Amino acid sequence: MFKAILFKELKLLGSLLNRILSFLVLVLSLFFIYHFALEKNSKLSIESLIGIKWTTIFILSYILISQITEDEKESGAFEINQIYISRSFEFISKSILCFVGLFIVFLIENFFILILFEEGKIYFNKFQFVFIFHSILPILSLSFLGILASELGYETEKKELILPILLIPLIIPVLLLTIQSETKLILSGEFQIYSMLVLFSFSILYLSLGLILKEYILS
């Protein structure tokens, strides 16, 4: 059953892929603004580039999370899912869909960093598989928390209020820790196991909160 639901969510991703072009244009527009506004007099540091990357992912997560929720509500699939599938499966499948979309944005961003910013080549030369692995945990946390906040907003009919109130304060520590640890990883090659354990704990925490609230509180 979970495979069938996941396949359904990936089909929804297919519809979202039609919007990836708009995401690409939006990312490019934001990076052009950052480039001309911030690199006008001096080149940006590696830490600034990493901060820009995660700030952009955070901004676009609002759009993606809203689309994932609204598409299902408008199509009527939400009511069908409530009858035939576990609420936990529904939450996990939506989170996976959100993760895939945000990870695509992450890959696009790294390409734009290379071609637009002076320090992009240095950043890209040091960019290895470990950085992709390093980015999985914060994107997972953002996906779990974003879907949970969106579902809570839908249930209370105050999505525009609930989503930022929950998402911003709870995800900021994750993003700050990610920027700090990724900067040290690039500049000094120092892989901080402690930071990874904290990021892993955040992912498990938001996953657990989502499963508990979805299964026992949310309809």
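Quick caveat: nothing in here was measured; it's all calculated off a predicted structure.
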Out of curiosity, [X] [atom1] to [Y] [atom2], how far, rounded to the nearest 0.5 Å?
X	Y	atom1	atom2	answer
I113	I108	CD1	CD1	12.5 Å
S95	Y206	OG	OH	13.5 Å
L145	I65	CG	CD1	7.5 Å
L170	I165	CG	CD1	11.0 Å
L209	L152	CG	CG	10.0 Å
L148	L207	CG	CG	10.5 Å

Is there side-chain contact between [X] and [Y], with heavy atoms separated by less than 4.5 Å?
X	Y	value
L102	S143	yes
L213	F91	no
V105	L24	no
F111	I115	yes
K94	E151	yes
F144	F202	no
V174	I171	yes
L142	L167	yes

Margin query: Please say yes or no: joined through hydrophobic side-chain contacts below 4.5 Å, possibly via intermediate residues, are I33 and L116 part of one cluster?
Written below: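 No.
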
Check: Can you get from L205 to Y194 by hopping between Ile, Leu, Val, Met, Phe, Trp and Tyr side chains that sit under 4.5 Å apart?
Finding: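 Yes.
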
Is there a donor-acceptor pair closer than 3.5 Å between any side-chain N or O of [X] and the backbone N or O of [Y]?
X	Y	answer
Y62	G146	no
S48	L44	no
T56	I52	yes
S195	S181	no
S61	F58	yes

Do you know the tightest heavy-atom contact between [X] and [Y]?
X	Y	value
L64	C98	CD2-O, 3.5 Å
I179	G51	CD1-CA, 3.8 Å
H35	F117	CA-CE2, 3.7 Å
F99	L140	CD1-CD2, 3.8 Å

Next item on the list: Report the C-alpha separation of K53 and E182 in whole Å, then their side-chain angles, then the decisive distance to 0.1 Å, and conclude whether the side-chain contact (heavy atoms from CB on, under 4.5 Å) test is met.
Entry: CA-CA 11 Å; K53 178 181 68 175; E182 188 173 328; 2.5 Å; yes

Next item on the list: Please lay out, stage by stage, how S29 and V25 fare under the test side-chain contact (heavy atoms from CB on, under 4.5 Å).
Entry: CA-CA 6 Å; S29 300; V25 172; 4.1 Å; yes

Note to self: Checking Y34 against T55 for the side-chain contact (heavy atoms from CB on, under 4.5 Å) test, could you report, in this order, the C-alpha distance in whole Å, the side-chain angles of both residues, the deciding distance, and whether it holds?
What the structure shows: CA-CA 11 Å; Y34 295 144; T55 300; 4.3 Å; yes

Note to self: Checking W54 against E109: is there a side-chain donor and acceptor pair closer than 3.5 Å?
What the structure shows: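 Their side chains do not contain a donor-acceptor pair, so the 3.5 Å distance test is not met.
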
